[in-house]
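Below: one structure, written as structure tokens.
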Number of protein chains: 2
Amino acid sequence: MLSQVEENYLKSIFKITEKEGKPASTNAIAGDLQTTAASVTDMLKRLSEKTLIHYEKYKGVQMSDKGLTIATQLVRRHRLWEVFLVEKLEFAWDEVHDLAEQLEHIHGNSLIDRLDAFLGNPRFDPHGDPIPDAQGRWTRRKQILLSALEPGEKGIVSGVENHSPEFLQYLDQLGLVLHTQITLRERFPYDQSVRIRTDDGRELSLSEKVAANLYVEEQSGTKERR
Amino acid sequence: MLSQVEENYLKSIFKITEKEGKPASTNAIAGDLQTTAASVTDMLKRLSEKTLIHYEKYKGVQMSDKGLTIATQLVRRHRLWEVFLVEKLEFAWDEVHDLAEQLEHIHGNSLIDRLDAFLGNPRFDPHGDPIPDAQGRWTRRKQILLSALEPGEKGIVSGVENHSPEFLQYLDQLGLVLHTQITLRERFPYDQSVRIRTDDGRELSLSEKVAANLYVEEQSGTKERR
DNA sequence: AAATATTTTTAGATCAGCCCAAAATTTTAA
DNA sequence: TTAAAATTTTGGGCTGATCTAAAAATATTT
């Protein structure tokens, strides 16, 4: 069984390779896990010996099939616990990350599948991120950044790029919650800020920074491998 | 913040001193935690420096107020998670110990109080053990071992002394669940086995060993400190 | 009370996971 | 293409938690 630290490395490597589309560098991992490059090299050797990653000195690191399975499970656990914390324990969506970070390391045969069933097999977490199913399949959605929407187009708020409590709390203040339908009214060339109309008839002005951290969905998603 | 290992030591010391009514010996702790006396001595020094225990070389160890508060919280967390696993995730009562053992180490401000509220502030866990409230108060019950009941007396099955999966599964097979009302019909002097009648009219024969591991309650409990 | 047995502590090692500083390698720029 | 810059690895060392073996203290027996 893997240690929590090893699991965190796998998650980090998964996240980085997924986002960058290329092997994760030692520095990138160190930055993500708030540790030093030297510690990372140490751990990469260990993970490599357990065949959880493909690692070549100086060449960066990629997930192995085995590592990918584990990382996917970790994401699944993390996001299901987040749903539990928000839906059942009534935490706010900006409060759950650290708790889920701990809960995702709980090991047990049927625990997560039972939790999944108890929650009604949710496909997205409170931030709109997809939850892999028990077989590791992801629901992919066609979502784009609000900053890429054209004036006149409609969309449904479906997720956030930035997960920081500050941003999430700001959205709360704006009353801009997930699943709100919006229409982009206007984009101001001066600062790229946008004016939107929500389904309850309010008009809001959003800075370019906010628009670049909000996803909107145009059509419903389909199931596919990985 | 304490490490999981430190927390486990506190729980163990609490359990032993509570049961024995005197300072816990190094060996007793080592036995409980499946480790060596040398490791225990090491840890006792560390816990003592953090003023979590009162420790004097060769004299055994007792809980400090600080340690007692933490140990009580751990018991609270463990038992609330057990309730969650059984009531919400539909685990059997003999399957939840190891998971709760992990979950009790999750740290977070309002997590446990929210869980408590979500579960409806249960006062007992699935094995009938009392759950300390947020202030560390225990509900004490007047319960005695079934082996101490006299023929003709009634009682309600309220807890188990032995928590092993084997015993719990055997009770399941007998259909002897918590809150069953029973009447002791007869005790056979030959082997101290007993014959009982359950509230649904069944007659069961229980060995002395079973009777010595089952608690029955005669009247309802009262709240008191510690 | 001395001898023996048991319990507990100390001393010395190990291991995982982490760090820093220095050396090695790769990448970038001149 | 060679020097400078950036990245990565190595070597040595630290901490928390563990162990074994041996020494010290306490408890028990005769």
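Not measured: the values here are computed from a predicted model.
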**Message:** For nucleotides 7-15 of chain C, give me one character per nucleotide, 5' to 3': B if any protein heavy atom sits under 4.0 Å from the base, S if the only such contacts are to the sugar-phosphate, - if neither.
**Reply:** SSBB-----
**Request:** Give me the first and last nucleotide of DNA chain D, going 5' to 3', that has any atom under 4.0 Å from a heavy atom of chain A.
**Result:** D:dT7 to D:dT10
**Inter- and intrachain pairs under salt bridge (charged side-chain N to carboxylate O under 4.0 Å, His left out), touching residues 83-106 of chain B, at least two apart** =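 As it turns out, the salt bridge (charged side-chain N to carboxylate O under 4.0 Å, His left out) pairs with a partner in residues 83-106 of chain B, which skip direct neighbours, are B:Lys11-B:Glu101, B:Lys11-B:Glu104.
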**Request:** Using the six-membered ring wherever Trp is involved, compare the ring planes of B:His127 and B:Trp93 and label them parallel, tilted or perpendicular (cut-offs 30° and 60°).
**Result:**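 Aromatic pair B:His127/B:Trp93 classed parallel.
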**Message:** Per the side chain to side chain donor-acceptor pair (under 3.5 Å) rule, what does the pair list look like for residues 54-71 of chain A, sequence neighbours excluded?
**Reply:**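 For residues 54-71 of chain A: A:Thr51-A:Lys66.
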**Message:** Once side chain to side chain donor-acceptor pair (under 3.5 Å) is applied, what residue pairs with a partner in residues 24-34 of chain B remain, sequence neighbours excluded?
**Reply:**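 Every pair satisfying side chain to side chain donor-acceptor pair (under 3.5 Å) with a residue in residues 24-34 of chain B: B:Ser12-B:Asp32, B:Lys15-B:Asp32.
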**Prompt:** Under 4.0 Å between a Lys/Arg side-chain N and an Asp/Glu carboxylate O for A:Glu6 and A:Lys50?
**Reply:** yes
**Asked** Are A:Thr36 and C:dC18 close enough that a side-chain N or O sits under 4.0 Å from OP1 or OP2?
**Response** no
**Atom-to-atom span, NZ of A:Lys50 to C1' of C:dA16 - whole angstrom** = 10 Å
**Request:** Provide, to the nearest angstrom, the distance between the CE atom belonging to A:Met43 and the C1' atom belonging to C:dC19.
**Result:** 14 Å
**A:His78-A:His97 aromatic ring centre distance below 6.0 Å** =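 Yes; A:His97 has its ring centre under 6.0 Å from that of A:His78.
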**Prompt:** Closest approach of A:Leu115 and B:Leu89, non-hydrogen atoms and distance?
**Reply:**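 Residues A:Leu115 and B:Leu89, closest heavy atoms: CA-CD2, 3.9 Å.
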**Message:** The criterion is side-chain hydrogen bond (donor to acceptor under 3.5 Å, both in side chains); which residues satisfy it with A:Asp116, sequence neighbours excluded?
**Reply:** A:Arg76, A:Asn121
